[in-house]
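Shown next, in structure tokens, is the structure this report addresses.
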Amino acid sequence: MRRERGSVRTKSASQDRATDMRMQIERAIRMIPRGKVSTYGAVARGAGFPGAARQVAAVLRRGFGLPWQRVLGSGGEIKLTGDSAIEQRLRLEAEGVRFRGRKVDMKLCEFKFGRSARQN
DNA sequence: TGCATGACTCGAA
DNA sequence: GTTCGAGCCATGC
């Protein structure tokens with residue numbers, strides 16, 4: 001394991017980098033069309049930050065007006081708990097997303113980020 | 001400044 | 001199928 005975590009970005013200008021990271025992540029999230037879903041890890045990679053899945057979650061929590069329900073855990077599993085999990089499932093089903101048991105049918109509904117994902 | 005935390009991920013057992 | 005451990009990183013206190 002230990003994915004492609006090799007991108008050792010310098011610590012300098014970390015604040016600027018953090019802002020850029022949030023913008024890229026938000027952009028990636030907004031790219032997910034209605035009826036499609038993606039995962040935290042996929043969004044992070046699509047935004048250009050492999051391994052930053054937790055930051056995707058942070059952006060979703062703090063972000064406003066984002067289609068948060070379209071972001072799931074690995075394998076298409078809902079990682080939320082309680083009300084949020086129920087609401088997320090209802091919202092996705094309303095958009096036409098198909099569930100297989102407790103997971104989303106990723107074969108049908110996974111949105112794949114292309115290279116253009118972070119081309120702006 | 002430093003440490004703990006979190007809507008994570010993935011391979012191995 | 002579940003559990004565990006290790007790794008990444010921004011954020012809050």
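First the proteins, then the strands, lettered A, B, ... as listed; each starts at 1.
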With rounding to the nearest 0.5 Å, note down the distance linking [atom1] in [X] to [atom2] in [Y].
{"X": "T39(A)", "Y": "E110(A)", "atom1": "OG1", "atom2": "CD", "answer": "6.5 Å"}
{"X": "S74(A)", "Y": "K79(A)", "atom1": "OG", "atom2": "NZ", "answer": "5.5 Å"}
{"X": "R98(A)", "Y": "R100(A)", "atom1": "CZ", "atom2": "CZ", "answer": "9.5 Å"}
{"X": "I32(A)", "Y": "C109(A)", "atom1": "CD1", "atom2": "SG", "answer": "12.0 Å"}
{"X": "Q55(A)", "Y": "I25(A)", "atom1": "CD", "atom2": "CD1", "answer": "6.5 Å"}

To the nearest angstrom, how far is [X] atom [atom1] from [N] atom [atom2]?
{"X": "M21(A)", "N": "dA10(C)", "atom1": "CE", "atom2": "C1'", "result": "8 Å"}
{"X": "Q55(A)", "N": "dG6(B)", "atom1": "CD", "atom2": "C1'", "result": "9 Å"}
{"X": "R102(A)", "N": "dG1(C)", "atom1": "CZ", "atom2": "C1'", "result": "10 Å"}
{"X": "L72(A)", "N": "dA7(B)", "atom1": "CG", "atom2": "P", "result": "16 Å"}
{"X": "R54(A)", "N": "dC9(C)", "atom1": "CZ", "atom2": "C1'", "result": "9 Å"}
{"X": "F49(A)", "N": "dC8(B)", "atom1": "CZ", "atom2": "C1'", "result": "16 Å"}
{"X": "Q88(A)", "N": "dA7(B)", "atom1": "CD", "atom2": "P", "result": "13 Å"}
{"X": "I25(A)", "N": "dA10(C)", "atom1": "CD1", "atom2": "P", "result": "9 Å"}

- Query: Between dA7(B), dG12(C), dC9(C), which one does the side chain of R62(A) approach most closely?
  - Reply: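 Of the candidates, dG12(C) comes closest.
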- If you check the A53(A) side chain, which of dA7(B), dC8(B), dC9(C) turns out closest?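 Selected nucleotide (nearest to the side chain): dC8(B).
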- Item | Nearest-nucleotide 5' precedence on DNA chain B, Q69(A) against G75(A) |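 With Q69(A) and G75(A) compared, the 5'-side residue is Q69(A).
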- Sidechain-backbone polar pair: K36(A) side chain, V97(A) backbone, donor-acceptor under 3.5 Å: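 It does not hold such a pair.
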- Item | side-chain contact (heavy atoms from CB on, under 4.5 Å) partner of V104(A), chosen from K107(A), M106(A), R102(A) |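 The side-chain contact (heavy atoms from CB on, under 4.5 Å) with V104(A) is passed solely by M106(A) among K107(A), M106(A), R102(A).
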For residues 88-96 of chain A, dump all side-chain donor-acceptor pairs below 3.5 Å to protein atoms at least two apart in sequence or in another chain.
residue: Q88(A); atom: NE2; partner: Q69(A); partner atom: O; Å: 3.0
residue: Q88(A); atom: NE2; partner: V71(A); partner atom: O; Å: 3.0
residue: R89(A); atom: NE; partner: E93(A); partner atom: OE2; Å: 3.2
residue: R89(A); atom: NH1; partner: G101(A); partner atom: O; Å: 3.2
residue: R91(A); atom: NE; partner: E87(A); partner atom: OE2; Å: 2.9
residue: R91(A); atom: NH2; partner: E87(A); partner atom: OE2; Å: 2.8
residue: E95(A); atom: OE1; partner: G35(A); partner atom: N; Å: 3.4
residue: E95(A); atom: OE1; partner: R70(A); partner atom: NE; Å: 3.0
residue: E95(A); atom: OE2; partner: Q69(A); partner atom: NE2; Å: 3.0
residue: E95(A); atom: OE2; partner: R70(A); partner atom: NE; Å: 3.4
residue: E95(A); atom: OE2; partner: R70(A); partner atom: NH2; Å: 2.9

- Item | L80(A) versus A85(A), closest heavy-atom pair with distance |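 Heavy atoms only, the tightest pair is O-CB, 3.6 Å.
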Pairs under 3.5 angstrom, nitrogen or oxygen only, protein versus nucleotides 3-5 of chain B, please.
none

- Are any of S84(A)'s side-chain N or O atoms less than 4.0 Å away from OP1 or OP2 of dA7(B)?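 False: S84(A) side-chain N/O out of range (4.0 Å or more) of dA7(B) OP1/OP2.
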- Message: Can you list, in residue-number order, the parts of residues 103-112 of chain A that come under 4.0 Å of DNA chain B, counting heavy atoms only?
- Response: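 Close to the strand, none.
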